[in-house]
There are 2 protein chains.
Amino acid sequence: MTDETRYQLLRRLATNPDTNQRQLAAELGISLGKLNYCLQALISKGWVKAGNFSRSSNKKGYAYMLTPSGIEAKARLTIAFLHRKVAEYEQLHQEIETLRQEVHALQQKPAEGRQ
Amino acid sequence: MTDETRYQLLRRLATNPDTNQRQLAAELGISLGKLNYCLQALISKGWVKAGNFSRSSNKKGYAYMLTPSGIEAKARLTIAFLHRKVAEYEQLHQEIETLRQEVHALQQKPAEGRQ
DNA sequence: GCGTGACGGTTCAGCGGATGAACAATACGC
DNA sequence: GCGTATTGTTCATCCGCTGAACCGTCACGC
């Protein structure tokens with residue numbers, strides 16, 4: 001759904017290709033159903049391939065590995081995300097400044113509305 | 001619903017008590033139904049009073065004014081929000097630092113995965 | 001081999017918040 | 001009065017998310 005989720009998922013898979021869906025869902029703080037949905041989306045985009053060979057010791061389940069185009073996509077998303085986050089950061093700075101002024105104003109006239 | 005919404009609404013009403021619900025909803029970026037719901041919640045908490053006297057030139061609709069306890073509540077929420085936002089700010093700083101490092105790493109080995 | 005238990009992927013009925021069209025109420029101009 | 005415009009209120013509908021249930025598969029013990 002969100003591309004925040006997509007990005008986080010790609011990020012996770014890049015470092016940890018052999019994690020099961022339940023654990024991935026828990027780590028990203030989303031439901032199993034949603035994770036499965038996102039994963040299928042990444043796979044159908046050709047960014048992730050589900051190799052059905054071994055998960056380390058245990059032979060069950062898939063290993064979800066980024067394809068070359070998945071790696072490129074992750075790079076693009078990383079940069080896009082950096083920019084977005086910096087913008088958020090600056091806006092948050094603004095909001096905080098405004099809030100600080102409001103709090104300051106409150107402390108100037110602390111008795112207003114009390115009894 | 002969210003107390004972000006509640007706070008924003010109190011904030012708006014404190015400065016602009018005579019705005020109709022449709023416009024309030026548009027300004028907060030939420031639907032009319034949700035705004036109405038939130039407003040009723042504030043009213044039933046006793047934080048806002050809907051005086052049915054004049055909106056400036058036009059006599060229709062209500063003027064939604066903060067009660068004394070509404071003013072107090074707004075002060076509390078303002079402070080709580082400041083703290084929350086500062087925490088978000090710091091976490092965002094962290095995330096950005098991580099993203100910067102990732103981007104840097106990408107630029108060190110830019111040919112990976114290309115052909 | 002067969003049975004069984006455990007694990008992992010997939011599905012989907014159900015939930016809950018959000019939406020905004022439609023309705024009700026009120027004020028105004030005529 | 002009547003029609004119109006403006007505003008508050010409701011509620012059927014939508015839509016994404018959830019997680020329990022389901023199914024397939026593998027590993028182990030026999």
Side-chain angles (χ1 to χ4, degrees), chain A residues 1-67 70 77 84, chain B residues 1-67 70 77 84:
Chain A
M1 225 259 106
T2 335
D3 46 30
E4 167 98 30
T5 307
R6 261 196 289 277
Y7 170 68
Q8 295 296 347
L9 186 48
L10 280 178
R11 186 165 158 52
R12 202 92 213 161
L13 296 179
T15 55
N16 262 35
D18 54 357
T19 309
N20 69 41
Q21 294 191 6
R22 273 162 243 267
Q23 192 174 334
L24 283 171
E27 287 173 357
L28 298 192
I30 60 179
S31 74
L32 180 58
K34 184 176 178 181
L35 181 109
N36 183 270
Y37 180 79
C38 288
L39 199 48
Q40 298 307 332
L42 295 184
I43 290 172
S44 77
K45 274 192 158 104
W47 291 356
V48 171
K49 186 123 195 291
N52 55 355
F53 48 89
S54 71
R55 166 170 356 296
S56 47
S57 56
N58 188 334
K59 295 276 189 193
K60 290 179 210 161
Y62 296 135
Y64 304 102
M65 294 174 320
L66 300 204
T67 63
L77 286 179
R84 185 185 310 181
Chain B
M1 223 258 102
T2 334
D3 45 31
E4 167 98 29
T5 307
R6 261 196 291 277
Y7 170 68
Q8 294 297 348
L9 186 48
L10 280 179
R11 185 164 158 51
R12 202 93 214 162
L13 295 180
T15 54
N16 262 34
D18 54 357
T19 309
N20 69 41
Q21 295 192 5
R22 271 162 244 267
Q23 192 174 336
L24 283 171
E27 286 173 358
L28 298 192
I30 61 179
S31 73
L32 179 58
K34 183 175 178 184
L35 181 110
N36 184 270
Y37 181 79
C38 288
L39 199 49
Q40 297 308 330
L42 294 184
I43 290 172
S44 76
K45 274 194 157 105
W47 290 357
V48 171
K49 186 124 194 289
N52 56 355
F53 47 89
S54 72
R55 166 168 0 293
S56 47
S57 58
N58 187 333
K59 295 275 187 192
K60 291 180 212 161
Y62 295 136
Y64 303 102
M65 294 175 320
L66 300 203
T67 63
L77 285 179
R84 184 185 311 179

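Each chain gets a letter, A, B and so on, in the order its sequence line appears, and its residues count up from 1.
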Quick one: is D/dT9 close enough that its OP1 or OP2 comes under 4.0 Å of any side-chain N or O from B/Tyr37? no
Just how far, in rounded Å, is C1' of C/dG9 from CG of A/Leu39? 10 Å
For B/Ser31, what residues pass the side-chain contact (heavy atoms from CB on, under 4.5 Å) criterion, not counting sequence neighbours? B/Lys34
Check this for me: A/Tyr37, atom OH, are more than 12 non-hydrogen atoms of other residues, nucleotides or ligands nearer than 6.0 Å? no
Output yes when a side-chain donor or acceptor of B/Asn20 lies under 3.5 Å from a complementary backbone atom of B/Gln23, and no otherwise. yes
For atom CG of B/Asn20 and atom C1' of D/dA5, their distance in whole Å: 13 Å
D/dG8 phosphate, OP1 or OP2: any side-chain N/O from B/Asn36 under 4.0 angstrom? no
What is the distance, rounded to the nearest whole Å, between atom CZ of B/Arg22 and atom C1' of C/dA25? 12 Å
Figure out the CG/P separation between B/Asp18 and D/dT7, and round it to whole Å. 11 Å
Distance in angstrom units between B/Leu35 CG and D/dT10 P, rounded: 14 Å
Between SG on residue A/Cys38 and CG on residue A/Leu28, distance to nearest 0.5 Å: 8.5 Å
Calculate the interatomic distance between A/Tyr62 atom OH and D/dG24 atom P; express it in whole Å. 13 Å
Where along nucleotides 12-19 of chain C does protein come under 4.0 Å, by heavy atom, of base (B) or sugar-phosphate alone (S), with - for untouched nucleotides? ------SB
Look only at the side chain of A/Thr67 and the backbone of A/Lys49, and say whether a donor-acceptor pair between them is shorter than 3.5 Å. no
Review item, side-chain donor-acceptor pairs of residues 8-17 of chain B, under 3.5 Å, at least two apart:
residue	atom	partner	partner atom	Å
B/Gln8	NE2	B/Glu4	OE2	3.2
B/Arg11	NH1	A/Glu102	OE2	2.5
B/Arg12	NE	B/Glu27	OE1	2.6
B/Arg12	NH2	B/Glu27	OE1	3.4
B/Thr15	OG1	B/Arg12	O	3.2

Euclidean distance, atom CG of residue A/Leu24 to atom P of C/dG9 [Å, nearest integer]: 8 Å
